[in-house]
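Report on the following structure.
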Amino acid sequence: MHIPFDNSYATLPEGFYTRLQPTSVASPKLLAFNENLAAELGISGADPKLVARVFGGNEIPQGAAPLAQLYSGHQFGNYNPQLGDGRAILLGEVIDTNGLRRDIQLKGSGRTPYSRGGDGRAWVGPVLREYVVSEAMHALGVPTTRALAAVRTGEDIARETMLPGAVLTRVASSHLRVGSFQVFAHRGQIDDVRTLTDYAIARHAPEADGPLGLLQHVCDRQADLIAAWMSFGFIHGVMNTDNCTISGETIDYGPCAFMDDFHMGRVFSSIDQQGRYAFGNQPNIAVWNMAQFATALIQQIEDKDAAVEAATAIIHAMPARIEVAWARRFAAKIGIRTPRDGDVDLVQRLLDLMQKDGADFTNSFRALGTDAARDQFTDRAAYDAWATAHADRIADEPDPAGVMRAANPAVIPRNHRIEQMIEAAVAGDMAPFERLMAALATPFEQTDAELAKPPAPSEIVAATFCGT
Ligand code: AMP
Ligand code: MG
């Protein structure tokens, strides 16, 4: 197998990472391999046995420069001075067939100096969850890390019970996070903050003018990302600053989920008692995370007063920036190409009805304009009044049905389907995984009506746990 490595992170100062190899696993078996992504990355000669050995961590491919990255971050609002890749190894980077630099990282590949109390491993469940959800996200057109491979290790790991281990190979525009900057800023290592800023600008925002230009760039990307997530009913679940990328890609699919019945306050993580990362609070958290990024970045600027003033202006502008992106996304969901005054109210009225009646978020939007949408609501009179106002509004819109089709998926990775898929995979049956992957590859086409159904009461998954 040939992977055309071209490593840049490994040329940064030693303090940014620790060089080490993944820990070999007992008996690597390939669960899934993303052929299309492999081709995009320029990977050739991928024989299945070798793929399992390489992406299980048992064989280091030619040209790799394996390392674990250092970072810190705020977890649920509290600063943790050292996190880092506790169970991940960056194999290296490639320049893909589109000319973009991409990281190839193993996750679940053994302990590192940043493992703290952890075992450095992952089990099949979260590995396949991340595989399915990140690829679904990509197919929905939302910036995200990708999944290249999932390998079963042949070793059991201890969680609440003993569970089969697995390694995920994740591909990202980079693994730079807000926490990558915070770790140096908090230690007062200003030269390192500067080095990382230059690196991030070169890699992600070559047009950006200095640290404040980078801040603006990342705020814009994060604003778009949050609006995109929300437009598909996605709840990330752990928007800690170490899970907030500089690239603007979604990263770290832990206790995440797409909503079934709509509620602004929906939370999926069992440890998020306060609802800090609830669906409707995601814009606030994105701004909060960018404020932490700003705090880290401005340390390198000589004129502190001017830097604080400029950074504050950028952060203060972010909520409005998110609102604009949100309005555009949600207007499209009701068939409006370019939102104007009053459209957000119209959307909000629908969301309020959905919340009151427990309507299914995805299916209600997908069915708008048909009786199937009306059936989602118990207060039919209220829905009919809304539908009349909506019909009036879109009467002179060009192709509202087409706009809605392109904004409202027929199928999303529903949590109960993911849980069923995991249960089957643990038992050795990958058919539900293949079925999900097939339907989610074209989410705006209705190819598998069963997968579009919300869970029966007995199938509802209450919380996704952090025991990943
Ligand atoms: P996450 O919540 O997945 O973003 O992880 C937060 C931090 O915990 C990161 O530094 C991870 O590398 C680390 N971590 C999570 N699970 C493990 C594990 N099983 N072993 C070692 N480190 C872990
Ligand atoms: Mg993380």
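Each ligand, and each atom within it, is numbered from 1 in the order the structure gives. Because the structure is a prediction, the values reported are computed rather than measured.
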Charged N-O contact under 4.0 Å between Arg159 and Asp119: yes
Salt bridge (Lys or Arg N to Asp or Glu O under 4.0 Å) partner of Arg170, chosen from Asp103, Asp85, Asp252: Asp252
Passing candidate, salt bridge (Lys or Arg N to Asp or Glu O under 4.0 Å) with Arg102, options Glu93, Glu40, Glu249: Glu40
Top protein contact for atom 14 (N) of ligand 1, by heavy-atom distance: Arg87 NE, 4.2 Å
Heavy atom of the protein closest to atom 5 (O) of ligand 1 (residue, atom name, distance): Asp242 OD2, 4.6 Å
Atoms in ligand 1 with a heavy atom of Gly120 nearer than 4.0 Å: 18 (C), 19 (N), 20 (N), 21 (C)
Residue Asp252 atom name (nearest to the Mg ion (ligand 2); N/O/S): OD2
CA sep, side-chain torsions, deciding dist, call: Asp360, Arg414, salt bridge (Lys or Arg N to Asp or Glu O under 4.0 Å): CA-CA 11 Å; Asp360 186 84; Arg414 292 185 187 266; 2.8 Å; yes
Shortest heavy-atom approach to atom 7 (C) of ligand 1 - which of Gln75, Arg111, Arg116: Arg116
Charged N-O contact under 4.0 Å between Lys107 and Glu130: yes
Protein residue, atom and distance nearest to atom 3 (O) of ligand 1, heavy-atom basis: Asp252 OD2, 3.7 Å
Protein residue, atom and distance nearest to atom 10 (O) of ligand 1, heavy-atom basis: Gly84 O, 2.6 Å
Nearest non-hydrogen protein atom, atom 12 (O) of ligand 1: Gly86 N, 2.7 Å
Tyr253 side chain near Val132 side chain, heavy-atom distance below 4.5 Å: no
Contact flag Asn243/the Mg ion (ligand 2), N/O/S atoms, threshold under 2.8 Å: yes
Carboxylate-amine/guanidinium proximity below 4.0 Å for Arg221 and Asp224: no
Nearest protein heavy atom under 4.0 Å from atom 16 (N) of ligand 1, yes or no: yes
